[in-house]
Amino acid sequence: MKTAILQSDSQPEQSLTAPDLNPEALSRSLLDWYQISGRDLPWRKTRDPYKIWISEIMLQQTQVKTVIPYFDRWLNLFPTLETLANSQLQSVLKAWEGLGYYARARNIHKAAIVIMERFSGQFPDTLEHAMLLPGIGRTTAGGILSSAFNLPLPILDGNVKRVLSRLINLPVPPDRSLAALWEISESLVPLNQGRDFNQAFMDLGATVCIPKMPNCVVCPWNCFCKSYNLGVQNQRPMTEPKAPVPHKTIGVAVIWNSNQDNSILIDRRKPEGLLGGMWEFPGGKVELGETIPECIKREIQEELGIEIAVDEFLMTIDHAYSHFKVTLHVYHCHHLSGIPQTIECDEIKWVTLSELNEYPFPTANLKIIQALQQSGSRFPVSP
DNA sequence: AAGCCGTGGTT
DNA sequence: TAACCAAGGCT
């Protein structure tokens with residue numbers, strides 16, 4: 001606390017976003033609430049930094065309900081950091097299939113190898129070292145190290161940003177005030193209860209201080225919360241206006257090989273970028289004035305260097321990615337001539353209907369596989 | 001530093 | 001129903 005003498009002839013040193021908080025009162029009331037109302041989650045039964053790390057990565061931009069079955073399956077497939085480091089990236093991506101943001105899986109695999117090689121197989125126990133690992137930023141590092149080692153490191157995830165925005169009635173979107181929010185989060189973590197405090201902080205945001213219609217009546221911080229006491233909690237946090245997302249029309253080919261035994265052509269996408277490393281049915285964007293069968297024939301010629309015939313329509317799939325939407329128009333096709341070349345992909349394979357299940361596909365493509373396997377499709381396709 | 005990067009739950 | 005948005009990080 002600054003003394004009156006030091007501040008006597010100037011304005012009180014209070015930044016716009018760091019108001020008069022009482023960290024001790026806040027942390028104590030939150031920890032008391034957590035003891036009664038905290039969630040019982042699988043990754044809270046352990047202090048193994050490996051398991052906690054996996055949970056933290058899976059939980060990035062992903063809801064708890066979605067993560068739990070993936071987390072359980074993962075630990076059966078890769079029970080230790082060493083088994084993960086010794087696994088193939090394709091197996092890792094298959095375990096991640098459907099979770100999205102596949103760079104997370106690629107980074108986990110890379111990081112596991114780095115930990116084996118640079119950290120003797122021990123997950124790092126300092127912020128500096130943890131943040132050297134791919135896919136681990138300050139929030140994830142703080143989450144892992146506080147949970148595994150009870151270190152008093154702050155976090156600033158979506159929950160904490162929302163809770164703090166309301167607590168101090170932040171008049172700008174939280175991403176405009178990150179430095180101040182980090183400072184507050186850091187000021188609140190008790191030195192000897194980093195684990196419980198951070199978990200409690202996120203629970204508060206996930207179960208009480210939720211995005212719409214927060215349940216302020218049961219909030220342990222309602223007496224401290226500026227937004228609540230001004231009745232403006234539904235107007236916080238402020239949000240940036242967002243740009244409308246573009247829409248693309250895509251032609252997709254299920255290419256049957258008439259020479260081989262009912263096999264279908266799939267390709268593996270390049271390791272970086274959208275859906276990097278995942279397998280797919282080939283295709284591409286429909287150009288102006290082009291029919292969908294024309295598009296499919298052209299794209300397959302350009303991307304795989306082969307000639308195909310476009311046969312009967314299979315299905316359409318509407319799908320939303322993070323920054324655009326697509327409509328996939330899927331057609332049965334058959335191979336006419338040429339040997340497939342990896343022009344715009346990393347690998348090409350002819351596989352049977354049942355072998356499709358061994359490869360990691362993005363969700364939109366899984367719907368195509370499901371349709372093919374349900375109908376028991378065979379070439380040549382007949383009604 | 002603003003855009004890229006998935007999917008499903010919720011309202 | 002369409003929009004919002006979730007235990008963010010990387011470039």
Side-chain angles (χ1 to χ4, degrees), chain A residues 38-39 41-44 52-71 93 96-108 110-111 130-148 153-163 165 173-176 178 181-182 185 195 197-207 209-214 234 237-247 269-278 280 317-326 360-367:
Chain A
R39 293 174 293 180
L41 301 173
W43 39 90
R44 289 184 183 166
I52 293 167
W53 167 45
I54 298 303
S55 76
E56 287 288 337
I57 303 298
M58 286 185 172
L59 287 161
Q60 288 173 358
Q61 302 291 283
T62 310
Q63 297 184 181
V64 165
K65 188 175 301 183
T66 305
V67 165
I68 287 176
Y70 280 91
F71 180 75
L93 286 172
W96 204 268
E97 182 184 72
L99 255 189
Y101 285 135
Y102 297 96
R104 295 184 294 175
R106 302 194 300 267
N107 285 333
I108 281 180
K110 275 185 218 158
M131 287 184 66
L132 290 176
L133 298 170
I136 299 184
R138 188 175 175 188
T139 285
T140 300
I144 298 169
L145 299 184
S146 63
S147 185
L153 295 169
I155 57 174
L156 190 58
D157 71 325
N159 288 310
V160 173
K161 285 177 186 172
R162 182 173 56 256
V163 172
S165 294
D175 287 338
R176 300 277 178 192
L178 289 181
L181 293 176
W182 272 112
S185 184
R195 174 181 168 96
F197 179 81
N198 282 342
Q199 297 298 311
F201 214 161
M202 291 188 281
D203 272 13
L204 185 67
T207 66
C209 195
I210 52 182
K212 293 177 198 279
M213 299 296 289
N234 288 316
M238 299 197 71
T239 57
E240 305 276 12
K242 55 170 182 54
V245 297
H247 180 273
R269 296 174 63 90
K270 293 178 185 174
E272 284 90 30
L274 183 70
L275 307 172
M278 303 292 281
E280 66 178 3
I317 300 167
D318 284 302
H319 194 78
Y321 293 102
S322 42
H323 56 295
F324 65 95
K325 297 177 179 179
V326 294
F361 283 89
T363 295
N365 279 248
L366 289 177
K367 294 177 182 172

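For the numbers below, each heavy atom of this structure counts, side chains included, while hydrogens, waters and symmetry mates do not. Lettering follows sequence order; numbering is per chain, from 1.
Using atom C1' as the reference point in both C/dA7 and B/dG3, the two lie 22 Å apart (nearest Å). On the C1' atoms, B/dA1 is 14 Å away from C/dG9, given to the nearest whole Å.
When the C1' atom of C/dC5 is taken as reference, atom CE of A/Met238 falls 17 Å away, rounded to whole Å. As a whole-Å value, the separation of A/Tyr70 OH from B/dT7 C1' is 8 Å. Taking atom NZ of residue A/Lys110 and atom P of nucleotide C/dG9, one finds them 16 Å apart after rounding to whole Å. In this structure, NZ of A/Lys367 is placed 12 Å from C1' of B/dG6, rounded to the nearest angstrom. C/dT1 atom P lies 13 Å from atom CG of A/Asp318, rounded to whole Å. Distance, A/Leu181 CG to C/dA7 P: 16 Å, rounded to whole Å. Atom CG of A/Leu133 and atom P of C/dG8 are 19 Å apart (whole Å). C/dA7 atom P lies 11 Å from atom CZ of A/Arg44, rounded to whole Å.
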Handout entry: A/Leu156 and A/Lys161: CA distance, side-chain angles, deciding distance, side chain to side chain contact (heavy atoms under 4.5 Å, CB included) verdict
Key = CA-CA 6 Å; A/Leu156 190 58; A/Lys161 285 177 186 172; 3.8 Å; yes
Problem - Verdict with reasoning, A/Glu240 to A/Arg176, per salt bridge (charged side-chain N to carboxylate O under 4.0 Å, His left out) - result: CA-CA 10 Å; A/Glu240 305 276 12; A/Arg176 300 277 178 192; 2.6 Å; yes
Practice task
Quick one: do A/Arg104 and A/Gln60 satisfy side chain to side chain donor-acceptor pair (under 3.5 Å)? Show the steps, please.
Solution key: CA-CA 9 Å; A/Arg104 295 184 294 175; A/Gln60 288 173 358; 4.9 Å; no
Handout entry: From CA spacing to verdict: side chain to side chain donor-acceptor pair (under 3.5 Å), A/Asn198, A/Arg195
Key = CA-CA 6 Å; A/Asn198 282 342; A/Arg195 174 181 168 96; over 6 Å; no
Problem - Residue pair A/Tyr321, A/His319: steps toward the ring pair (Phe, Tyr, Trp, His ring centres under 6.0 Å) verdict - result: CA-CA 7 Å; A/Tyr321 293 102; A/His319 194 78; 4.8 Å; yes
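Where A/Gly135 and A/Ser55 meet DNA chain C, the nucleotide closest to each residue was compared, and A/Ser55 sits on the side nearer the 5' end. Between A/Met131 and A/Asn159, it is A/Asn159 whose nearest contact on DNA chain C lies nearer the 5' terminus. Place A/Leu275 and A/Arg176 on DNA chain B by their nearest nucleotides, and A/Arg176 ends up nearer the 5' end.
Contact check for A/Trp43 versus A/Ile68: side-chain heavy atoms found under the 4.5 Å cut-off. At a threshold of 4.5 Å between non-hydrogen side-chain atoms, the residues A/Val64 and A/Phe71 do not count as touching.
Nucleic acid contact for A/Trp43: base, since at least one base atom lies under 4.0 Å from a heavy atom of the residue. Residue-level contact check: A/Gly273 touches the backbone only, with heavy atoms under 4.0 Å from sugar-phosphate atoms and none from bases. Residue contacts shown for A/Gly143 are absent, as no nucleic acid heavy atom lies under 4.0 Å away. Nucleic acid contact for A/Ile136: sugar-phosphate only, since backbone atoms but no base atoms lie under 4.0 Å from a heavy atom of the residue. A/Gly205 comes within 4.0 angstrom of no nucleic acid atom, judged by non-hydrogen atoms across all strands. As judged by a 4.0 angstrom heavy-atom cut-off over every strand, A/Leu178 is placed among residues making no nucleic acid contact. Counting any heavy atom pair closer than 4.0 Å across all strands shown, A/Gln199 reaches a base atom.
The listed nucleotides are C/dA3, C/dC10, B/dG6; the one nearest the side chain of A/Asn107 is C/dC10. Looking at the side chain of A/Ser322, the nearest of the listed nucleotides C/dC5, B/dG6, C/dA7 is B/dG6. Considering only side-chain atoms of A/Ala206, the nucleotide from C/dA7, B/dT7, C/dG8 that sits closest is C/dA7. Taking every side-chain heavy atom of A/His323 into account, B/dC4 is the closest of B/dC4, B/dT7, C/dA3.
At a non-hydrogen distance threshold of 4.0 Å, A/Leu59, A/Gln60, A/Gln61, A/Val64 from residues 59-67 of chain A come into contact with DNA chain C.
How far CG of A/Leu275 is from CD of A/Glu280: 7.5 Å, rounded to the nearest 0.5 Å.
The phosphate of B/dG6 (OP1 or OP2) has no side-chain N or O of A/His319 nearer than 4.0 angstrom. Put simply, A/Arg162 has a side-chain N or O that comes within less than 4.0 Å of OP1 or OP2 on C/dA7. Taking side-chain N and O atoms only, A/Tyr102 has a distance below 4.0 Å to OP1 or OP2 of B/dT7. One finds a side-chain N or O of A/Lys325 lying less than 4.0 angstrom from the OP1 or OP2 phosphate oxygen of C/dA3. At C/dA7, none of the side-chain N or O atoms of A/Thr140 fall inside 4.0 Å of OP1 or OP2 (strictly under the cut-off).
Here A/Leu132 pairs with A/His129 under the side-chain contact (heavy atoms from CB on, under 4.5 Å) rule; sequence neighbours left out.
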